[in-house]
Amino acid sequence: MGPILLLTLIIFLPTIGAIALLAVPKDNDEYLRIGALGVTVVTFVLTLFLLGDFNTDDPAIQPVFEVIQVDGATEPPDLKLLANYDLSEGKVMRDGQEVQVQRGITIPWIRTWNIEYKLGYDGISVPLLLLTSFISVLAMMASWSIKKMVRGYLILFLLLETGMLGVFLALDFFLFYVFWEVMLLPMYFLIGIWGGPRKEYAAIKFFLYTLLGSVLMLIAMLMFYFGSAAHSDQTSTFDLLELAVIAQNGLFDQQMQMIAFVLLFIGFAIKVPTFPFHTWLPDAHVEAPTPISMILAGVLLKMGGYGILRIAFPLCPFGAHWAAYTLVVIGAFSIIYGAFAAMAQTDFKRLVAYSSVSHMGYVIVGMAVWKLSVDTNALHHWQLGINGAMFQMIAHGVSSAGMFFIVGVIYDRVHHRDLNQFGGLSKLMPWYSGLAAGIFFAGLGLPGMCGFIGEIFVTLSAWNYSPLLAIIVAAGVILTAGYILWTIQRVFLGPEYRGPHAEEITPMNGREFTVAAVLLAFAIILGVYPPIMFDLMGGSIELLTETLQQGLENATDATSTAGLPGN
Amino acid sequence: MTSEQFLFWLFAVLTCGGAFAVVITQNVVRMAFWLIVSLGSVAGLFFLLNADFLGAAQLLIYVGGTVVLLIFGVMLTASGPYLQIKTSPAEGFLAGGIAFLFLVLIVSTVYAVDWDHKSQLMATHENGQATGIGPQPGYNPEQQGNTTRPIAFALLGMRPDKDLASNQPADLMDTGDVDDLSQAVYMGDEMELSTGYLLVFEIISVHLLVVLVGAAYLARAKRRVDASEVA
Amino acid sequence: MSSETLTIEEFQEIGKALRFLLMVAWLLPLAGFAVEIFAGYWGHRRSKMASFLAVGCIFIGFACSLGALIHWGTLTRWGHKTVAESQHHEGKSEGEGQTGILDAGKLPVEFVALADKPTAHKDADNDDHHTTSGGGHKDAHHEGEHHDDHHGPGTPAFSGGFYLLGSFGDIEIGLDYYIDSLTLIMFTMVTLIATCIHIFAIGYMSDELVEDYVDHHAHTSDGKHVHRPGRFYRFFAFMSLFCFSMLGLVLAGNIFQVFVFWELVGICSYLLIGFYTERKSASTAANKAFIMNRVGDFGFLIGLMVIVTYLGTFRFADHEVNGAAQPGLFTMIRGADGHIDLDQTVDVETGNDVNVVLLKGVDGETLTNANGKNRTIPYWLLIVAGLGVFGGCVGKSAQFPLQTWLPDAMEGPTPVSALVHSATMVAAGVYLAGRFFPMFTTEVLLTIAYIGCITLFVAATIAVVATDIKRVLAYSTISQLGYMMLAIGIGGWGAGLFHLVTHAFFKSLMFLASGSVIIGCHHEQEMPRMGGLWRKMPITAFTMLVGVIAISGLAIPGISIFGEKIAFSGYHSKDEIVATALAFMQMNEQHFLLFLVPLITAGITAFYMFRLWFYTFAGEPRDAELHSHVHETPWVMTTPLIILAVFAAGCAIGGTHGPLWLGLLNSEPIGLATGLTGQLSGIATPSHDAVHAVHSTAGMYALIVAATGAFVAYLLYGAGVIDPGDIKQQFVSLHTFLVEKWRFDELYDAMFVRPVHIVASWCVGVDRYVFDGLIHRTARTTIDVSRWDRKFDEGIIDGLVNLVGNAVFSAGRSLRVVQTGSLRQYIMFIAVGVLVLFVLLFAVFPS
Amino acid sequence: MFSDIQLTNYLLVGAFLFVCGVVCMTTKRNGIGILMGVELVLNGANINFIAFSRYTPLGLDGQIFSLFVIVLAAAEAAVALAIALNFYNNHLSIDVDRGDELQG
């Protein structure tokens, strides 16, 4: 399968599936669900194909096409997929000869504004793609609990998946934006129609928050679009790779980088979410149906982090470095704040939601520990931080999806989430309690499980940046242990169940068991052997840090030579 | 007064008189008769204008077909008192006045135009350069007579009269030799071929068919719908 | 120097064998855990298979560990053989490096070839093991006469890697191993004790072998006892998991890995303390244990951060990164001779002079940065790192101020208390302090000493008044751990770890004995209800007495058999600690408390231990009803008691000439034998000679104090000469204060727990009222604005549009009359229209 | 005036015929009468076409056009007759003044 077909299919297969579901008569709920599950499974398999195509030795964007230029020809050159090549000194070599390459799939889309259908993947996006399609399968398996308007639900779910996968594959800023928005609408309806009692409130809150972020991102996008005209050899461009090269050469001026970074960061931070922009999250999570909570926590939050790494940092290295301290402060504060807020919750799902705020704080900290230093080790620490942040995203995707699923399972039975009205579940639902404890331990950051690796690597990287903030970050481990253990005690332990609907508590069924067990298994695999992720993303992150360092130095040099006012 | 002049005036008077009679007659059947007179005279005028095929068509279709059709209509719809339905005299005068003004308008237009000059301009434009052939560059029926064949060719998409008449010797046109014509068509590069009317012809044919079907459908006998039944 | 040497190849062979044996011992319990947890659930509730599997795993582990210890001992002549210097002076040729890597590649797990250096200051060779200078490196002229057979640098440690968790530039984080004599002794000790305890637990936990277990300590809301299925299998699964974690901790080759297993033993402890999940007190105690440990781990984490930031590696031993030899932590800080190289530099930000430590490379050179500057770590940050890691030890070993979780942890089943909360996990803090010793500056060591000193005293005083048999032992454990910490803090590295091992044996023995008592008394733990039990359960009573004597440090002075003192293990180890403390006090007189407090506490220890024994076993039964049902426990429980009693009595045989002591000393950090001197603090630790000089004096002091304590206990509880009730009356306020455990729980509750909850509720309030309030206000404002907008729209814009619409409409109405419907009139209109158009045309364009 | 027959003469005849047709359409209340008026108008136009064909370079095109007009007129007559019959069926009269349903 050619890369163009493969990537396009990955993105749009869920859409095709959604259209196909339209053709199925409404009342065949079971067939509809199985069909939708099939679509997500096939999508997952396709992403595995992608993983198979992925060349871990090449840190830059893939797929790589060889440009076959006929001498003197005016026509656009032919592109040929480059399967076997080796890299040395940043050059792409084949059979010992350097070849001219184009990275990523580029198909003109809206020629008037130079917008392209540009797709590609590297070590940063591949793990997230896998996570997305994987969590989608599990969330779809968890969707059997949805009984209302099943067909509409499944169609929106599949559209949502298209949006998510598109965001992780798009390399054109405009295309990225489109997918970003595509994701928003199904989510709005999924919360607003299939949600809990305050679903309208939660849906509109989610929508407005995210829309605000999108608007800020749009402004930044246009800034870069028009700002690129002076530096790009052609006209204005939305091409993220070209924009990144411009930024790497320090050609965006400092003022613009600072403004754009703030805009982009707020846009992405809302999605992450970090401290001042996080209040949509608890409401959205609490009201959303279980599978949608899984998607929200498992994938949507990761887009914020991905956006920062893919767009905000590469496009404004100077701005990023300028704002790094603020970012770390925000991240550290989110960790502590989220943990404190989680501790005070009496609603099970809300607690898990706040734990997401806390855990995603590590992501921001890990990305932002960028210390400008002549010592090469500083860059290594930053790499440690970004790797930790990326791993934390994956780990949180697995563990928080699991936690929300755990909450959903018990909610389906007893129809309440009041932490003070649980207890004794370990006796009534032994497997459930065992798996839940495992997943919660993964969230707690227990070694040997996924949460640990991300948190600890981020924490380790933080001291080099700021000892004070590092200590604050490290203090998060105490609070996390506090609220998670307290939760386990209140829900699973104790002599008896104290809430209503005690008679409806039944052991997990096979489907529920499968979802939870698979998530726990992955939590353990990732925690015991994290290289499966670091091998994928390490090279790309190393390249990213070096590129950004270069971009920062160039932007700083531009100021000193041109005599522009710096800060 | 040559015969041509005579015949022209004869047919002109018959035409106009017939038409006027149609206007003033109240009885439908008589109107139809006067119409036949008028249209028949028009056919005569066509012959005078060397449009022999058109004249024949006029006689056949109009006088022989349309008017008969009209009379059928009269007979199918006529029921005693309605053979004559009068309009008020005021209306008649109003119509007459407007018609007069209209006539004045057209006549003045006819006289306002310098037709010869226009023809010359047209001819020049047509051939891309002044030919200098004279004031009558048009299709010369005296030389070429029979119009049936050229019209048939035109309807089939070829224009021997245009493509050949002005550039080729006239005798070639007279013989109407197919090989020569095809040669002319294939002479090709520097000569731009005029388009014929094949497409229009086809459309008209289909149109006619549709009209016939439609007319039959419309005119078919059908049960009158009672208001009570509908309610 | 030593005449006996090992070739590199021999050394490698030993390393591979040790690595294999210890890996088996380490991983078998994990496999056991996996099988037990799944098979146990599906298996029969009354099946003992889980316990047999667990015992089997840990016993094979013990066999492997013992085999490894013997293998190492015989091949290195108990650590006396050094590794031959390589004849390749330029040793690091490509070929050799490749061979090492290739050999490594054949191993079943990914194996990172590490640079090998027989001694830190000599030339390097490549193989898959690394020898660190940390182990047994002593200068010959400081050898005391009591170990004159121990010359020169001993056998270095074996180290290597299993696999990398991640590598980022030069920073590599992975799972490694580090095997020296300390590792081997710990392995053997842990697996031996664990085996005994596992066997004991088969008996102790046998009441779980039912379909319907009635928990008499847990009540439902209607006052009934909780019924639940028996969880025999789960207990053994957790125990196996714990053994795996504990052995991993001991085997760990880098401080990060220690942290990993540190947390894992913590969670196992959590699971085992909270084994009776239905009991609120159990789950709360479990939470408390884990969270207090996390507080310590917070410090640990800070230590890790400092280390990775300034030293860039976690590995203890020298190793290889990207093909280049890299020094391990110990080499970097201590170099080859155990001295910290100080330098002064100007701080970039403040402009002040700061003391920094120069980092040393594998060949003893000073490390430099890419830009040529010396690589350094600020001295105060080295202190922070040390204190941070020690913070972890404080949490794990229940040292002051994090000691309160351990007594509560007695909620777990007694075998758990024996294994986890006395012998192994809590001792891990001491183990780590010992393992990490080269990284501690003298300031840190002094802190450790004082923390240990406070702990041992506080815990001992509480133990005096405790009445729950297990809690007495728990406080005793804390106190003894304090002794070990104190020993390490004052430079008695060997003494501390010596006591760790002996304590593990006698304390696990006592816990098991108390477990036996509890079973015999049908789950009665209060000593006031016991008494006179020795007649009914003699084996338990006498094995317990062995433990009591051992911990009290009693011995028969002046008499020796075959040159050995008649003394149990505790005498030797405590003796060594007191001796070190005395020597330390002589060198640093301002710190006299570090000698006096442990000395006095030795007496208190003897007192409360004998109090326990007399209270429980001697005298007349205080509860006839209970007494009538008491019975001796079955052989499956008494056999482990006897085995452990033998070890408790004899493991330290020979004292400072015995194999245990010498084996441990083989791993002693360099420089300690001659004493360390803090360059900035001026604090000095005593050398071996200094300790030896005061050994007999200190031993006499300790013995007198202990005997006094024991005698007082006999007077009070054994002979009944003095009524303890009277004394209680005399010191009622002090008694209450001690019973309330110095009120630490209340203090922490007020200082930390409640403030955390208050802050938490503030956070929620901020979210709800500030952020959401802001959003809601914005939303309301928006709605207001849209209302005005609506009015504007409806009034003005719509008004205008409607106006136009109305005008058009009325125009249409008036023009309607033209639409007559009459065909003829339409034709007329057309005609008139044409006329008008033409007229207009002519009027406009008159031609 | 009686001299040579010019284009103008034919045009005048056509004009008269046309005007007669218009008058016929406006004054006749009988549907058939109106149809006749239409025929007159068409014939007036046809005369003009043929005259132009004869006297100007329009050539054969004029004739072909009028041929189409004749054909269309026939078609129109057929349809118109059908309409008239329908009208008669619906109103029992051929008086077009009765058919004023479209009055606004």
Side-chain angles (χ1 to χ4, degrees), chain B residues 1 4-5 8 12 15-16 19-20 22-23 28 31 35 39 42 45-46 49-51 54 57-58 61 65-66 69-70 73-74 76-77 82 85 87 91-92 95 99 102-103 106-107 110 115 119 122-123 126 137-139 147 150-151 154 161-162 197 204 207-208 211-212 214-215 218-219 224, chain D residues 2 5 7-13 15-24 26-33 35-37 39-40 43 46-47 50-51 53-60 63-64 66-68 70-75 77-79 81-86 88-89 93-95:
Chain B
M1 197 175 194
E4 195 203 346
Q5 284 170 350
F8 170 76
T15 304
C16 296
F20 191 70
V22 168
V23 173
V28 192
M31 272 161 59
L35 190 64
L39 297 188
V42 168
L45 286 176
F46 285 0
L49 286 165
N50 274 335
L54 259 294
Q58 172 84 359
I61 295 175
T66 309
L69 209 59
L70 287 177
V74 172
L76 281 169
T77 58
Y82 296 114
I85 312 167
T87 48
E91 258 184 324
F102 218 121
L103 189 62
I106 297 175
V107 170
V110 168
W115 294 106
S119 298
M122 276 173 79
E126 187 107 320
Y139 178 63
T147 59
I151 286 176
D161 56 321
K162 286 223 163 174
Y197 291 90
I204 290 285
H207 179 248
L208 258 181
V211 160
L212 284 177
L218 280 174
R224 279 185 54 104
Chain D
F2 289 101
I5 306 301
L7 176 65
T8 318
N9 300 55
Y10 287 97
L11 293 184
L12 288 179
V13 174
F16 187 78
L17 216 53
F18 183 88
V19 170
C20 280
V22 170
V23 174
C24 192
T26 52
T27 54
K28 301 294 178 194
R29 286 170 67 192
N30 190 321
I32 307 290
L35 201 51
M36 292 177 183
E39 303 297 347
L40 287 177
N43 271 284
N46 267 358
I47 289 176
I50 308 262
S53 160
R54 167 74 174 78
Y55 290 102
T56 70
L58 187 60
L60 208 54
Q63 292 195 18
I64 291 169
S66 52
L67 183 63
F68 289 145
I70 291 168
V71 174
L72 282 176
V79 174
L81 187 68
I83 291 172
L85 284 176
N86 253 329
Y88 178 76
N89 276 344
S93 159
I94 201 67
D95 183 358

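Numbered from 1 within each chain, the chains take letters A, B, ... in sequence-line order. Side chains included, hydrogens not; waters and symmetry mates left out as well; all remaining heavy atoms used.
- Across B:Gln58 and D:Asn43, no two heavy atoms sit closer than the pair NE2-OD1, 2.5 Å.
- For the options D:Leu17, D:Val13, D:Ile32, heavy-atom pairs under 4.5 Å to chain B are most numerous at D:Ile32.
- Closest heavy-atom contact between D:Ala75 and B:Val211: O-CG1, 3.3 Å.
- No more than 12 heavy atoms of other residues, nucleotides or ligands shown are found within 6.0 angstrom of CZ on B:Phe20.
- Of the two parts of B:Leu35, only the side chain, counted from C-beta on, holds a non-hydrogen atom closer than 4.5 Å to a non-hydrogen atom of chain D.
- The candidate from D:Thr26, D:Leu11, D:Leu35 with the greatest count of non-hydrogen atom pairs under 4.5 Å with chain B is D:Leu11.
- Both the backbone and the side chain of B:Leu103 come within contact range of chain D, judged by heavy atoms closer than 4.5 Å.
- The contact between B:Ile106 and chain D is made entirely by side chain atoms (from C-beta outward), counting heavy-atom distances below 4.5 Å.
- The parts of D:Ile50 that come within reach of chain B are both its backbone and its side chain, each placing non-hydrogen atoms under 4.5 angstrom from that chain.
- Shortest non-hydrogen contact noted between D:Lys28 and B:Val22 is NZ-O, 3.1 Å.
- Of the atoms belonging to D:Leu67, heavy atoms from both backbone and side chain fall under 4.5 Å from chain B.
- When every heavy atom of D:Asn46 is checked against every heavy atom of D:Ser66, the shortest pair comes out as OD1-CB, 3.2 Å.
- Shown here for B:Ala215 and D:Ala82, the closest heavy-atom pair between the two residues is O-CB, 3.4 Å.
- For chain B, the nearby part of D:Phe18 is the side chain; its heavy atoms alone come within less than 4.5 Å.
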